Amino acid sequence: MSVVTKIKEVTAAAIHQLYQVELAAGDVLVNATKPEFEGDYTVVLFAFVKQLKKSPDALGQELGQQIISTHPDLFTAYNVIKGFLNLTVADAYWLQFINGQYSNTEFGHTKPNGEKVMVEYSSPNTNKPLHLGHLRNNFLGRSIAEILKANGNEVVKTCIVNDRGIHICKSMIAWQLFGNGATPASTHTKGDHFVGDYYVKFNDEYKRQVEELKAKGKLDEEAEKTAPILLATQQMLLDWEAGKPEVMELWRTMNSWVYEGFDATYQRIGSDFDKTYYESDTYLLGKDLVETGLAKKVFYQKPDGSVWIDLTADGLDEKLVRRKDGTSVYITQDIGLAEQKQKEFNAKQSIYVVGDEQNYHFKVLKLICQKLGLPSADGIYHLSYGMVELPTGKMKSREGTVVDADDLVEEMVNIARQKTEELGKVKDFTEEELQELYDTIGLGALKFFLLRVDPKKKMVFNPEESIDFHGFTGPFIQYTHARIKSILRKAEPVTGIQEQGPLLPLEKELSIHLEMFPTVLQDAAQEHDPSKVAIYVFNLAKIFNSFYTEHSIANAETPEKKAVRLQLSQLTAQAIKNGMSVLGIRVPERM
RNA sequence: GGACCGGUAGCUCAGCUGGAUAGAGCAGCUGCCUUCUAAGCAGCAGGUCAUUGGUUCGAAUCCAAUCCGGUUCACCA
């Protein structure tokens with residue numbers, strides 16, 4: 001149990017003892033004490049003043065006295081300023097904590113809780129390569145999965161590949177028209193980029209044809225609808241649905257090229273999945289649920305035969321769930337897939353990592369599932385994240401302003417190499433070790449950059465100024481880890497201690513911060529927010545660096561101090577490692 | 001038009017279940033490498049927390065209105 005939790009309980013108990021008022025520990029507000037005041041944690045008293053009919057000062061004095069006399073082992077001092085009760089936690093508490101955790105490689109993790117959670121992320125289209133937006137999605141998905149694991153959940157990572165539809169037909173048509181039998185191998189192009197190039201070619205040709213038609217006097221809208229290449233694409237989609245052999249063959253071939261490319265990227269960035277769904281397999285799911293919905297009168301049919309749900313009572317709109325021609329729409333597939341997942345894995349919670357442009361969609365999805373009474377319904381959670389924008393605004397593939405994922409990763413790794421060479425600290429590394437280090441640092445910088453901000457918020461990426469390696473960054477934290485490891489390598493093994501104290505201010509600050517780590521991991525899971533961990537780890541590294549500059553660890557004043565500082569260092573390294581690990585970021589032993 | 005999200009330092013972001021004088025990083029300016037890795041540390045400077053009103057002991061945080069930006073409301077996926 002964290003100290004903060006203890007303080008809440010102790011405070012509630014003290015209030016009960018003194019005033020016979022029942023109070024939930026959760027109602028007690030505890031903050032870190034501001035540096036300008038004496039103490040470690042502060043109980044804010046205003047909330048109780050009215051109910052207990054005491055002046056803030058009197059209440060503080062009585063509470064402080066009571067808390068300290070009932071828990072002399074935990075608190076050594078208190079003071080009251082205005083309505084704030086500042087408590088000083090005994091050094092013995094911190095020392096005991098460090099001593100108990102310093103060799104715990106699982107520091108921060110909780111025991112398995114037997115609950116299963118699904119995380120669906122990445123979910124690409126197969127007509128073009130991954131870009132910066134996908135990276136945010138992949139890093140978030142991977143990270144939230146790791147955070148949930150660290151909190152004792154069993155996690156199933158899934159991906160739904162959007163492998164069918166008009167978009168992939170566009171690439172296919174363009175390849176038929178302009179490909180001349182080229183393949184990724186014959187052109188030495190990564191498969192997903194290869195197919196993406198034909199998607200671009202499609203759009204170029206389409207635009208050209210539209211202009212041509214307009215020049216012949218057709219109206220804009222008509223030209224856009226009747227361009228031959230578009231008609232051919234629509235026909236191809238029909239052929240695909242009819243299972244026409246040569247179309248299926250081409251479709252399989254081009255998708256296989258894309259998958260080869262995706263696999264390489266996924267491997268590079270560390271994305272993996274326990275189960276991959278393909279839309280070509282799942283797009284017919286959910287049809288039977290339409291019948292169920294009609295029978296339950298959750299859905300209704302219009303005269304033309306189309307099926308709808310009326311969500312206006314919930315502040316939303318009417319939503320189509322089956323077309324008049326009997327085919328299902330996107331949301332119906334999603335309902336079906338939610339059911340499929342439920343049957344297959346029976347998870348308590350199902351998290352969808354999907355951009356915030358689909359907020360409405362997921363609100364509707366959950367609501368429909370609930371109205372249908374599906375067992376999967378309440379577990380649906382949309383982990384919505386904001387778009388990654390450029391200083392000039394949104395990325396647009398048609399305007400060529402998309403930041404390609406592979407390119408960006410390469411660039412980051414190159415910068416890592418360049419900076420590492422400039423500093424010249426690892427000249428004895430083998431080529432293999434160097435390559436690994438560059439990957440670790442480059443990807444670390446990139447992942448940290450994308451994970452350090454609240455997922456909900458959109459963020460800006462400026463390609464002109466490369467991602468930093470100083471300050472609030474991945475490399476800064478990795479560097480701190482490497483520094484600690486350097487000391488630990490040289491020092492004798494870290495051992496248990498019998499200490500005592502007193503702790504110096506920076507030793508104590510570091511201890512307090514370390515003690516928060518498990519709570520931070522829990523919060524991150526609860527809020528579905530990896531940025532909480534990123535911010536925490538950064539602050540931890542910062543405190544350590546101040547401590548490191550101020551105090552000698554290997555040549556501490558006394559053997560006892562040295563033992564304490566070595567423990568602190570080792571535990572800091574472990575917290576950094578475990579924290580970065582749930583962000584999908586490795587930390588080097590040297591850099 | 002309805003719904004939802006956002007507006008905090010020059011830039012990128014924390015802080016938002018109301019709590020003490022609003023914090024980081026970058027950029028700018030000062031210092032610090034014969035002692036454990038300077039990808040570091042210490043310091044300076046930088047703010048009408050979009051605006052206005054309200055709620056109260058107390059508001060960046062809650063409520064209302066307004067302004068600005070974004071997303072969404074397809075028989076598209």
Side-chain angles (χ1 to χ4, degrees), chain A residues 26-27 29 31 33-34 36-37 42 44-47 49-50 56 81-84 86 125 162 164-167 279 283 302 304-308 312 315-331 333-334 355-361 363-364 384 386-387 389 391 393-394 416 419-420 422-423 425-426 441 445 449 452-454 456-462 465 468-480 482-491 531-532 534-535 538-539 541-542 544-556 565 569 590-591:
Chain A
D27 293 336
L29 179 60
N31 290 334
T33 301
K34 301 268 172 197
E36 53 270 36
F37 301 103
T42 298
V44 183
L45 303 169
F46 299 101
V49 167
K50 206 175 277 177
I81 297 171
K82 297 204 259 174
F84 301 94
N86 302 318
N125 289 358
N162 194 354
R164 52 142 249 134
I166 195 78
H167 54 276
E279 203 184 286
Y283 81 111
K302 286 194 177 175
D304 67 1
S306 58
V307 179
W308 297 73
T312 49
L316 304 176
D317 300 285
E318 294 189 340
K319 181 80 187 173
L320 177 91
V321 293
R322 190 171 75 191
R323 297 188 184 98
K324 67 182 171 200
D325 65 6
T327 57
S328 59
V329 292
Y330 186 61
I331 194 138
Q333 300 169 33
D334 268 1
D356 61 7
E357 53 204 356
Q358 295 205 38
N359 283 354
Y360 180 77
H361 173 80
K363 211 183 266 183
V364 170
S384 167
M387 297 292 107
E389 294 182 1
K394 287 188 73 173
K419 299 210 179 218
T420 303
E422 277 169 19
L423 291 168
K425 294 179 183 178
V426 288
I441 298 172
F449 178 82
R452 67 179 202 181
V453 312
D454 183 342
K456 286 196 298 293
K457 297 201 175 175
K458 68 180 181 193
M459 59 185 296
V460 176
F461 170 78
N462 188 348
E465 28 186 278
D468 223 306
F469 281 48
H470 302 272
F472 186 15
T473 69
F476 169 88
I477 297 159
Q478 291 171 322
Y479 172 72
T480 306
R483 262 182 154 180
I484 297 173
K485 284 313 183 101
S486 170
I487 295 170
L488 295 177
R489 269 194 304 276
K490 290 171 190 164
S531 73
K532 294 247 188 306
I535 292 164
F538 168 64
N539 284 324
K542 219 167 36 146
F544 182 86
N545 281 323
S546 297
F547 161 75
Y548 173 96
T549 305
E550 187 70 24
H551 303 296
S552 180
I553 296 160
N555 298 309
R565 288 181 191 165
S569 301
R590 290 178 57 194
M591 68 184 276

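Chain identifiers are assigned alphabetically (A, B, ...) following the order of the sequence lines, protein sequences preceding nucleic acid strands; residue numbering begins at 1 within each chain. All values derive from a computational prediction rather than experimental measurement.
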Next item on the list: With heavy atoms under 4.0 Å as the rule, sort Asn162(A) into base, sugar-phosphate or nothing.
Entry: sugar-phosphate

Margin query: Using the side-chain heavy atoms of Val460(A), tell me which of these nucleotides is nearest: U12(B), C36(B), C41(B).
Written below: U12(B)

Next item on the list: Would you mind reading off the distance between Arg590(A) atom CZ and C36(B) atom C1', rounded to a whole angstrom?
Entry: 14 Å

Note to self: Over all strands shown, is Glu389(A) touching base, sugar-phosphate only, or nothing at heavy-atom distances under 4.0 angstrom?
What the structure shows: nothing

Notebook entry, point to check: If you check every side-chain atom of Lys490(A), which of U71(B), U37(B), C75(B) has the closest atom?
Noted result: U37(B)

Next item on the list: Send over the distance from Lys82(A) NZ to G19(B) C1', rounded to a whole Å.
Entry: 9 Å

Check: Using a cut-off of 4.0 Å on non-hydrogen atoms, how would the nucleic acid contact of Phe37(A) be classed: base, sugar-phosphate, or nothing?
Finding: base

Notebook entry, point to check: When all nucleic acid strands are considered with a 4.0 Å heavy-atom cut-off, which category describes Phe476(A): base, sugar-phosphate, or nothing?
Noted result: sugar-phosphate

Note to self: When the C1' atoms of G15(B) and A20(B) are compared, how many Å lie between them, rounded to an integer?
What the structure shows: 15 Å

Notebook entry, point to check: Do Tyr479(A) and Ile441(A) come close enough that some side-chain heavy atom pair is under 4.5 Å?
Noted result: no

Margin query: Please classify the nucleic acid contact of Ile441(A) as base, sugar-phosphate, or nothing, using heavy-atom distances under 4.0 Å.
Written below: base

Note to self: Please compare Ile81(A) and His167(A) by the position of their nearest nucleotide in RNA chain B and report the one closer to 5'.
What the structure shows: Ile81(A)

Next item on the list: Tell me yes or no: between the side chains of Asn31(A) and Thr42(A), is some donor less than 3.5 Å from an acceptor?
Entry: no

Notebook entry, point to check: With a 4.0 Å cut-off on heavy atoms, is Ile535(A) in touch with a base, just the backbone sugar-phosphate, or nothing at all?
Noted result: sugar-phosphate

Check: Within a strict 4.5 Å, meaning less than it, do heavy atoms of the Ser569(A) and Phe547(A) side chains meet?
Finding: yes

Notebook entry, point to check: For Lys456(A), does the NZ atom have more than 12 heavy-atom neighbours from other residues, nucleotides or ligands under 6.0 Å away?
Noted result: no

Item checked: Of the listed nucleotides G70(B), A77(B), U37(B), the one nearest the side chain of Lys458(A) -> G70(B)

Notebook entry, point to check: With sequence neighbours left out, what residues match Phe469(A) under ring pair (Phe, Tyr, Trp, His ring centres under 6.0 Å)?
Noted result: none

Checklist line | Spacing of the P atoms in C62(B) and U8(B) (rounded, Å) | finding: 15 Å

Notebook entry, point to check: Mapping Arg164(A) and Glu318(A) to their closest nucleotides on RNA chain B, which lands nearer the 5' end?
Noted result: Glu318(A)

Notebook entry, point to check: Contact class for Val44(A) (heavy atom, under 4.0 Å): base, sugar-phosphate, or nothing?
Noted result: base

Check: Which of the following nucleotides, C76(B), C4(B), U12(B), is nearest to the side chain of Arg452(A)?
Finding: U12(B)

Item checked: C41(B) OP1/OP2 closer than 4.0 Å to side-chain N/O of Thr549(A) -> no

Check: If the P atom of A65(B) is compared with that of A3(B), how far apart are they to the nearest Å?
Finding: 10 Å

Check: Any idea which of A14(B), C36(B), C41(B) is nearest the Ala554(A) side chain?
Finding: C36(B)

Check: Does OP1 or OP2 of C36(B) have a side-chain N or O of Arg489(A) closer than 4.0 Å?
Finding: no

Margin query: I'd like the P distance from G1(B) over to A59(B), given in whole Å.
Written below: 33 Å

Checklist line | C1' gap between A38(B) and G31(B), integer Å | finding: 13 Å

Next item on the list: Starting at CD of Gln478(A), measure out to CE of Met591(A) and round the result to the nearest 0.5 Å.
Entry: 5.5 Å

Margin query: So, OP1 or OP2 of U72(B): does either fall under 4.0 Å of a side-chain N or O from His361(A)?
Written below: no

Next item on the list: Examine A42(B): is either OP1 or OP2 under 4.0 Å from a nitrogen or oxygen in the side chain of Ser546(A)? Give yes or no.
Entry: yes

Next item on the list: Check whether any side-chain heavy atom of Phe472(A) lies under 4.5 Å from a side-chain heavy atom of Ile535(A), and answer yes or no.
Entry: yes

Checklist line | Arg483(A) side chain, from C-beta outward: closest of U72(B), U37(B), C41(B) | finding: U37(B)

Notebook entry, point to check: Using the P atom in both, what is the distance from A50(B) to U61(B), to the nearest Å?
Noted result: 8 Å

Next item on the list: Between C41(B), U72(B), C4(B), spot the one nearest the side chain of Lys363(A), thanks.
Entry: C4(B)

Margin query: Stacking between G25(B) and Phe472(A), yes or no? Criterion: centroid separation under 5.5 angstrom, plane angle under 30 degrees.
Written below: no

Notebook entry, point to check: Rounded to whole angstroms, how far apart are CD on Glu550(A) and P on C32(B)?
Noted result: 17 Å

Next item on the list: Could you give me the CA-CA distance, side-chain angles and deciding distance for Arg565(A) and His551(A), then say whether side-chain contact (heavy atoms from CB on, under 4.5 Å) is met?
Entry: CA-CA 9 Å; Arg565(A) 288 181 191 165; His551(A) 303 296; 3.6 Å; yes

Notebook entry, point to check: Can you tell me how far C1' of A74(B) sits from NZ of Lys324(A), to the nearest Å?
Noted result: 13 Å

Check: Checking only heavy atoms, does the side chain of Asn86(A) share a donor-acceptor pair with the base of A20(B) at less than 3.5 Å?
Finding: yes

Check: From A77(B), A38(B), C36(B), pick the nucleotide closest to the side chain of Ile487(A)?
Finding: C36(B)

Next item on the list: Measure from the side-chain heavy atoms of Glu36(A) and tell me the nearest of C26(B), C75(B), U21(B).
Entry: U21(B)

Note to self: Strictly below 4.0 Å: does Lys457(A) bring a side-chain N or O up to OP1 or OP2 of G6(B)?
What the structure shows: no

Note to self: Would you say the base of G40(B) stacks on Tyr479(A) (centre-to-centre below 5.5 Å, plane angle below 30°)?
What the structure shows: no

Next item on the list: Give none if G69(B) has no partner; otherwise give the nucleotide forming a Watson-Crick or G-U wobble pair with it, both distances under 3.5 Å.
Entry: C5(B)

Note to self: Counting the atoms with a prime plus P, OP1 and OP2 as sugar-phosphate, which does Asp454(A) contact under 4.0 Å by heavy atoms, base, sugar-phosphate, or nothing?
What the structure shows: sugar-phosphate

Check: Whole Å only: how far is the CE atom of Met387(A) from the C1' atom of G6(B)?
Finding: 14 Å

Next item on the list: Verify the distance criterion only: is there a donor paired with an acceptor across the side chains of Asn359(A) and Ser384(A) at less than 3.5 Å?
Entry: yes

Checklist line | Pairing nucleotide - C62(B), Watson-Crick or G-U, each distance under 3.5 Å | finding: G54(B)

Item checked: Nucleotide paired to G40(B) in any strand shown, Watson-Crick or G-U, under 3.5 Å -> C32(B)

Margin query: Nearest to the side chain of Lys542(A), heavy atoms from C-beta on, is which of A77(B), U37(B), C41(B)?
Written below: C41(B)

Item checked: Length of the line joining Phe538(A):CZ and G15(B):C1', which is rounded to integer Å -> 15 Å

Checklist line | d(CD, Gln358(A); C1', C4(B)) in whole Å | finding: 15 Å

Notebook entry, point to check: Under the 5.5 Å and 30° test, is Phe46(A) stacked on the base of G19(B)?
Noted result: yes

Item checked: Aromatic plane relationship, Tyr330(A) with His361(A) - under 30° parallel, 30 to 60° tilted, over 60° perpendicular -> tilted

Next item on the list: Indicate whether OP1 or OP2 belonging to U56(B) is found under 4.0 Å from a side-chain N or O atom of Lys50(A).
Entry: no

Note to self: Checking base pairs now: Watson-Crick or wobble, both atom distances under 3.5 Å. What partners C16(B)?
What the structure shows: none

Next item on the list: Classify the nucleic acid contact of Thr42(A) as base, sugar-phosphate or nothing, counting any heavy atom under 4.0 Å across all strands shown.
Entry: base

Check: Once you round it to whole Å, what is the distance between C1' of C13(B) and CZ of Phe449(A)?
Finding: 10 Å

Next item on the list: Syn or anti for C49(B), please, going by whether the chi angle lies within 90° of 0.
Entry: anti

